[in-house]
Amino acid sequence: MTALLELSNVGMTFDTPTGRFEALKGVNLKIAAGEFVSLIGHSGCGKSTVLNIVAGLLRATDGGVILERREVTEPGPERAVVFQNHSLLPWLTAFENVELAVRQVFRKQKSKKEMRDWVAYNLELVHMAHAMDKTPQEISGGMKQRVGIARALAMQPRVLLMDEPFGALDALTRAHLQDSLMAIHAQLGTTVIMITHDVDEAVLLSDRIVMMSNGPSATIGEVLPVALPRPRDRLALADDPVYHRCRQKVLRFLYEKQNKVAALPSRPDPAPRRRQA
Ligand SMILES: Nc1ncnc2c1ncn2[C@@H]1O[C@H](COP(=O)(O)OP(=O)(O)OP(=O)(O)O)[C@@H](O)[C@H]1O
């Protein structure tokens, strides 16, 4: 496989007040152009740390990340990030929020009119053209995430990085956004790395599911190719044996191989009851 992005032996050790903590060790992954890859694993295993290293927001303490033959050392528009909670500026409209990012990236290449058209096009892609003049307070959580995705796409990133982008949304809104993301991925061929806790979401959207072991010293446990043809239809997949096999494999990894059931704390003795007079 010709890799667009390569993580080589990535390790991350944090200095904490109680000593050094090795969060990641020996993370190796190659991602091809146009691939949709999900990262899944138990809470605290290091998914966001991996994503932040690829985004250039954190510097790996071991190994490194190469994007198109260049080492990632800092954040850049070719690696746009969408977080779980939108990070839109509250005093700007949806249009202006996207425009701000477009100006930063394309000021020298595009005319003002071209930039405005580009902003409008990206808002149309996420079905937000009708609300482009509204501020974040005036739109729903799902709509804010759509604007966040439009802003990220408008930077024309080589890789779109998504950290639980739909985690805070209700199930129906989430399903609509997943469908939009699949359509955008099909149309633009953007390379996507997405963190999710949702096994169904991972199987529905991904070409490969990267399953991470529990920390400390977390690493990639297994990688599952999802051999389902595209376009994918969530209703048709409900009866698809390949879909169910993939789902089963991820669930097995998470709940048999990486089982993490925290012991309940012992209950303190209840205070003796006062006698009623
Ligand atoms: N700046 C930091 N300093 C110390 N420890 C950190 C720091 N950032 C992350 N960690 C630790 O590294 C580990 C991995 O954290 P990370 O946030 O990457 O996990 P995650 O898989 O994304 O978790 P979640 O699914 O709950 O968001 C955790 O044990 C966390 O406490």
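Just so you know, ligand 1 is whichever comes first in the structure, and atom 1 is the first atom listed for that ligand. The basis for the numbers below is simple: all heavy atoms, side chains too, and nothing from hydrogens, waters or symmetry mates.
Side-chain atoms of Asp163 and Ser48 form a donor-acceptor pair, as typed in the model, at a separation below 3.5 Å. Side chains of Asn52 and Thr49: no donor on one and acceptor on the other come within 3.5 Å. With hydrogens and angles left out, the side-chain atoms of Glu35 and Thr191 include no donor and acceptor closer than 3.5 Å.
Taking each of Pro216, Ala218, Gly44, Gly167 in turn, the one with a heavy atom nearest to atom 20 (P) of ligand 1 proves to be Gly44. Here atom 26 (O) of ligand 1 lies nearest to Ser43 when heavy atoms of Ser43, Gly215, Gly41 are compared.
Within 6.0 Å of the CZ atom in Arg158, the count of heavy atoms belonging to other residues, nucleotides or ligands does not exceed 12.
Annotation: atom 19 (O) of ligand 1 to nearest protein heavy atom, Gly46 N, 3.2 Å.
Closer than 4.0 Å to atom 13 (C) of ligand 1 lies at least one heavy atom of the protein. There is a protein heavy atom less than 4.0 angstrom from atom 1 (N) of ligand 1.
Here Met12 has no heavy atoms under 4.0 Å from ligand 1, in either its backbone or its side chain. At a heavy-atom distance under 4.0 Å, only side-chain atoms of Thr16, from C-beta outward, approach ligand 1. Contacts between Cys45 and ligand 1, counted as non-hydrogen atom pairs separated by less than 4.0 Å, involve both the backbone and the side chain.
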| field | Stepwise side-chain contact (heavy atoms from CB on, under 4.5 Å) test for Val226 and Arg208 | value | CA-CA 6 Å; Val226 180; Arg208 283 188 298 155; over 6 Å; no
